[in-house]
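To keep things clear, I will list the structure first and then write my remarks on it.
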Amino acid sequence: MKFATWNVNSILARLPLVLRWLGEAEPDVLCLQETKCTDDKFPAEAFAELGYRSETFGQPTYNGVAIVSRSKCESVERGLPGDEPGAQARVLRATIEGTRVVNVYVPNGASVGSDKYNFKLEWMRRLRELFDSRYGPDEQVLLCGDFNVAPEDRDVHNPKLWEGQVLFSEPERAALDRIKQWGFLDSFRLLNSEEKQFSWWDYRAGAFKRNHGLRIDHIWVSKPLAERTKAVMIDKQTRAWERPSDHAPVIAELEI
DNA sequence: ATGGTAGATACTCTA
């Protein structure tokens, strides 16, 4: 099975691009972030025409996650445990062909020390709690999405420039590592060790043209899934397509 | 060069 994750920065603005990519990459599961639309406006019919079902968890204007899948999604859950009513739509969970898929849009954090930054760190702490309370590392668990954190120097085009900045600051990386210590492996790093393999490039200042990017979109797997991971790639070609998302999709092929 | 661009919404916020 092929599992993919993609922050599309509005599913309505990106629909033609996403449909084109689905036809070419043929993932079995595609986890979307930043859909930026309510569930009634999600273009489920367009995905159905390509043979995909949709599960959505959206809100107006901001955030929003969805899972489009060839197989049925079971035990679908929306949000983090303890979310207040009307909390930001950032987590969608579903069991697909026996794998528990957790699709997340981690808060961006704005700038180090801001209210949004503190919200991000607290949110990441709660994400770790979700795994502690609901799942075991010996189960088939796949955590993917826009993590909004680059884990290591080799995931950043200029680590010196980014040191201490949001998306790469030490507290964010520590919070990310704390989630990983639950029992995840970074599927991309199981099979690829090169530096400068990015998944996001700012729209501004010609960042993509200069390859000024970060690897902040991830597919993490529990040990039982890591043993079945055959290939992982970041499909950066989409970033050069007409009217692109600022993120590229990541796709992992697992033998299940 | 503290700018730059993109999206949704409503003339600003978020990323």
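Residue numbers begin at 1 in each chain, while the letters A, B, ... track the order of the sequences. Computed from heavy atoms alone, side chains included, the values below leave out hydrogens, waters and symmetry copies. All figures in this text were calculated on a predicted structure; none of them were measured in a lab.
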Distance-only polar pair, side chains of A:Arg100 and A:Thr95, donor-acceptor under 3.5 Å: yes
Separation of atom CD in A:Gln88 from atom P in B:dA8, rounded to whole Å: 18 Å
Euclidean distance, atom CD of residue A:Glu34 to atom P of B:dT9 [Å, nearest integer]: 13 Å
Listed nucleotide nearest any side-chain atom of A:Ser10, set B:dA15, B:dC13, B:dA8: B:dA8
Per A:Thr61 side chain, nearest of listed nucleotides B:dA6, B:dT9, B:dT14: B:dT9
Sugar-phosphate, base or nothing in reach of A:Phe208, heavy atoms under 4.0 Å: nothing
Rounded P spacing from B:dT9 to B:dT14 in Å: 15 Å
Between A:Asn211 and A:Trp201: side-chain donor-acceptor atoms closer than 3.5 Å: yes
Atom pair distance, as rounded to whole Å: CG in A:Asp217 and P in B:dA15: 15 Å
Test applied, salt bridge (Lys or Arg N to Asp or Glu O under 4.0 Å); reference residue, A:Asp83; option that passes from A:Arg90, A:Arg126, A:Arg78: A:Arg126
Along DNA chain B (nearest heavy atom to each residue), the more 5'-positioned of A:Arg204 and A:Trp200: A:Arg204
Side-chain N,O (A:Arg14) to OP1/OP2 (B:dG7) below 4.0 Å: yes
N or O in side chain of A:Arg243 less than 4.0 angstrom from B:dG7 OP1/OP2: yes
Aromatic A:Phe168 / basic A:Arg173 pairing, under 6.0 angstrom, 45° off normal: yes
Protein-nucleotide distance (A:Asp202, atom CG; B:dT5, atom P), rounded to Å: 10 Å
B:dT12 to B:dA1 separation - C1' atoms, rounded to the nearest Å: 24 Å
Residues A:Asp146 and A:Gln33: side-chain donor-acceptor under 3.5 angstrom: no
5′-ward residue of the pair A:Gly109/A:Asn9 relative to DNA chain B: A:Asn9
Residue A:Ala13, side-chain heavy atoms: nucleotide from B:dA8, B:dC13, B:dA6 that is nearest: B:dA8
Inter-nucleotide P distance (B:dT2, B:dG7), Å rounded: 26 Å
Atom-pair distance (CH2 on A:Trp201; C1' on B:dT5), nearest Å: 16 Å
Nucleotide of B:dA15, B:dT5, B:dC13 approaching A:Tyr105 most closely (side-chain heavy atoms): B:dA15
Value in whole Å for how far the C1' atom of B:dT14 lies from NZ of A:Lys120: 14 Å
Nearest-angstrom distance from the residue atom OH of A:Tyr62 to C1' of B:dC13: 4 Å
Nearest-Å distance for atom pair CG/C1', residues A:Asp115 and B:dC13: 15 Å
